[in-house]
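Here is the structure we will look at, set down as C-alpha cells.
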Amino acid sequence: MLAEDGFGAAAIAAPAPVSFRESFSETLGDWQDKFADTEWVPDLGRDIGSFTWFRGLATLVLLCGVAISCLPDFGPISGHQKEALTGSRADQMRSQVIAPLAYGSDTGISMAATDAVRPLAQSPERPSIELVATLGRGDSLRRVLQRAGVASNEAQQATDLVASAVALGELKPGTKIDVLLGRRPAKNQARPLDQIAFRARFDLNLEVLRDGARLKLNRKPIIVDDTPLRIKGVVGSSLYRSARAAGAPTEAVQKYLRVLGTKMSVSRDIRATDEFDLIINYRRAETGEVEVGELMYAGVERDGKPQAQMLKWTSDGRTNWFEASGVGQSQGELVRPTNGRTTSGYGMRRHPILRYLRMHSGLDFGGGYGAPIYAVTDGTIIMAGRNGGYGNFVKIRHGGGLASGYGHMSRIAVRNGSRVRRGQIIGYIGSTGLSTGPHLHYELYRNGRAINPNSVKFVQRSELSGSELRKFKGELQRLKRVEPGAALRSLKSVSTKPKMEREINRLMKTSVS
C-alpha cells in the first residue's frame, strides 16, 4: 500500500507474526467443529451402503469391542494351596483316608502287630451290664427276664417276688424294666441278676435287689391324689367351646353332651347364661404323671338352681347314668333278633301250609340253618321248649309289660328262668313246627297281647332304693363338695429329702450349746 506523508516518502506495511498456540487452538477448533458436525451414530436402517452407513457400522463394532473387553473374569479364584504331605505324615494320613485300595489306601487292611503288642490269654469282660427290657402284649415277666440274659432260676425267683406285691396280670404291656446284670463267675455261666426296677402300678415302684446269695423285694409307694377334676363355667354361645376353653378334655365334653341329651335338648333347653358343671375321674402321682379317667358327673345350673344332675352309678353289675332322685333311664330301639332280612311282615296273610287267611302276629326273618338268634334286650326266660306250631320256642319277659318270642329254632341255647342280656345268643335258626324252611318267627307282646314289632321303641328305666339309694346320694353330695380346680393344686411329696445343713453351721450350734 502506498501512502503519502508530509515528506512525500512511500512505505510497505508487513503482517504481524502468528504464535504456535494460536495456530493450534484454531486448528483444534476446526477439528472440533468437524467432529461435532459428523454423525457418528446414524440410523443403520437408512442409506444402507453409503459412507455414513459404514461409518456408523464401524462405530457400533468399536463400541461392542470395548464392552466385550470390559467383561469380568468368572473363572475360579486361586487361593492358598497347602503343602503336599510327605514322609511319615503322608503315611499317617493315607491310613485314615477312605479311598479304594488300588489308590494306596490302608483303610480296611489288617495291620500286623508290632513287638510292643502282648497277646491276652482271654479278653476282659465288663463288670456289669445295664439294659432296658420291655414287657410286650401277651408276654410274661419271666420270659422278659430270660431274654435279657437272666438265668432261669433267678428269673423265676424275681417273678415270684413281684407276684407277692402285685398281680402279674396288672402289669401293662409296654412297661419298661431296668435290668442290671453283675459279673459272672465263669464264661459258661449266666450273669447273676443284681437288680431290676420298674413301675408296677400307677402308685407303686418295685425293685428286686441282690442281698448276698438271695434276692429281696423293695417296695417304693408313690403318693397319688385321687381328687376328681371339677370344671364349671358359663355356657355362652357354645357349650362345647366353653367347656373346652375351661380345660375339659374332648372325650369328656362329648360324653357330657350325650348324657345331657338323654335329659333335655342341648340346643333348645340350655341358655347362654346357664352354667355347665362336669366332674372327671382324675389321678396324679407325686412323680408328675397324670391319669384322666371318664366323666363321673354331668350337671347344668340356672340362677343357682340345678336343671340337670346326672351321676354315673353301677347297680346290679350294670353301669348307668342316674338322676339325682335315683332314677336311671336309657333309651334305644330293640336290636335285630337275627342278621337275616325280613321275609314276611305283621298282618293278615295266607298261611303257606294251612292255605287260608290267617293273622301273622310277628315278623319272619330269613337265614341259613344254624344262624344265631339274639335277645332283643335284657330280660328273663319264661319259656324255653317245644310250643306247638312254633316248634322250638323261647319267650323272654322284659320290663314295662313287654315280652318277646322266638319260634322255629333248630336248637335252644338258654334255660327257663335264666337272665339274658341284650344281644346274647339264645338259639339258632331252624325249621321246627309249622315251617316250610329255615327261618325265625319273631313276636313282641305288650301285657300279653301280640303287637307289631316295628312300632315299638324300647325304653328301660331303673330306680335305686334303700341302702343303695343312700349310697348314691352320699356319693353325689361328696362330688358336689369338690371345689373346681382342686385337683390341680400342688401335691406335696413325702419323698422330698430334708435340706442339707452346712458342717460349719452344725459346729457353731454345738459350740454355742
Side-chain angles (χ1 to χ4, degrees), residues 123-229 247 249-252 254-255 280-295 487-488 490-497:
S123 60
E125 289 189 347
R126 297 171 58 183
S128 63
I129 295 179
E130 298 181 9
L131 51 90
V132 179
T134 304
L135 183 66
R137 187 179 299 276
D139 208 347
S140 67
L141 179 61
R142 183 172 181 270
R143 289 197 297 267
V144 171
L145 295 179
Q146 286 181 326
R147 288 197 301 270
V150 181
S152 177
N153 59 338
E154 290 192 341
Q156 185 61 50
Q157 293 178 28
T159 303
D160 294 340
L161 290 174
V162 172
S164 64
V166 63
L168 297 179
E170 294 182 6
L171 300 180
K172 297 181 180 180
T175 300
K176 302 294 183 181
I177 304 173
D178 297 326
V179 183
L180 176 62
L181 302 178
R183 187 189 298 274
R184 56 183 175 179
K187 286 189 175 182
N188 58 355
Q189 297 182 8
R191 286 180 176 269
L193 176 62
D194 283 353
Q195 179 184 3
I196 62 171
F198 63 99
R199 189 161 190 164
R201 289 197 311 258
F202 189 72
D203 59 346
L204 179 64
N205 278 332
L206 290 181
E207 281 185 348
V208 176
L209 304 172
R210 177 163 295 280
D211 184 12
R214 64 186 185 90
L215 299 175
K216 68 175 183 179
L217 180 67
N218 184 18
R219 295 178 175 86
K220 292 184 176 181
I222 302 173
I223 292 182
V224 174
D225 182 21
D226 294 329
T227 303
L229 178 61
T250 303
E251 294 182 1
Q254 293 174 350
K255 183 65 177 178
I280 305 169
N281 196 355
Y282 193 80
R283 302 178 72 199
R284 55 191 179 129
E286 62 174 335
T287 52
E289 294 83 4
V290 171
E291 280 188 353
V292 180
E294 297 183 352
L295 182 68
L488 303 178
S490 59
L491 179 62
K492 183 178 180 180
S493 175
V494 296
S495 60
T496 303
K497 296 182 179 180

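In this chain, residues are counted from 1 in sequence order.
- A side-chain donor-acceptor contact under 3.5 Å links R284 to the backbone of A487.
- Nearest heavy-atom pair across G138 and R143 is O-NH2, 3.1 Å.
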Checklist entry - Where do I222 and F202 land on the side chain to side chain contact (heavy atoms under 4.5 Å, CB included) test, with the steps shown first? => result CA-CA 8 Å; I222 302 173; F202 189 72; over 6 Å; no
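- Between the CG atom in L217 and the CG atom in L206 there is a gap of 5.5 Å [rounded to 0.5 Å].
- Applying the salt bridge (charged side-chain N to carboxylate O under 4.0 Å, His left out) rule to R183 yields no partners; only residues at least two apart in sequence or on another chain are considered.
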Identify all side-chain donor-acceptor contacts of residues 168-177 below 3.5 Å with residues at least two apart in sequence or on another chain.
unit_1, atom_1, unit_2, atom_2, d
T175, OG1, K172, O, 2.5
K176, NZ, T134, OG1, 3.1

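- Considering only heavy atoms from C-beta on, V162 comes within 4.5 Å of F198 through its side chain.
- Residues Q156 and D160 bring a donor and an acceptor atom of their side chains to less than 3.5 Å of each other.
- The 12-atom threshold is not exceeded at CD of E294, counting heavy atoms of other residues, nucleotides or ligands nearer than 6.0 Å.
- Remark: side-chain polar atoms of R283 are not paired, donor with acceptor, to backbone N or O of D226 under 3.5 angstrom.
- The closest side-chain heavy-atom distance from E130 to D178 is not below 4.5 Å.
- Taking CD1 of I280 as the start and NZ of K255 as the end, the distance is 13.0 Å to the nearest 0.5 Å.
- Qualifying side-chain hydrogen bond (donor to acceptor under 3.5 Å, both in side chains) partners for E125, counting only residues two or more places apart in sequence or in other chains: R184.
- Scanning all heavy atoms of the two residues, the minimum distance from L145 to A158 falls at CD1-CB, 3.9 Å.
- With respect to R210, the side chain to side chain contact (heavy atoms under 4.5 Å, CB included) criterion is satisfied by exactly one of K216, Q195, E154: E154.
- Remark: L488 CG to T227 OG1 distance equals 10.0 Å, nearest 0.5 Å.
- Each of L209, L180, V150, N153 was evaluated against L193; a single residue qualifies, V150, per the side chain to side chain contact (heavy atoms under 4.5 Å, CB included) test.
- By the 4.5 Å heavy-atom criterion applied to side chains, R201 and V224 are not counted as neighbours.
- Shown here for L295 and A252, the closest heavy-atom pair between the two residues is CD2-O, 4.1 Å.
- In this structure, the separation between CD on E286 and CD1 on I223 is 4.5 Å, given to the nearest 0.5 Å.
- The two residues A148 and L181 have their closest heavy-atom pair at O-CD1, 3.5 Å.
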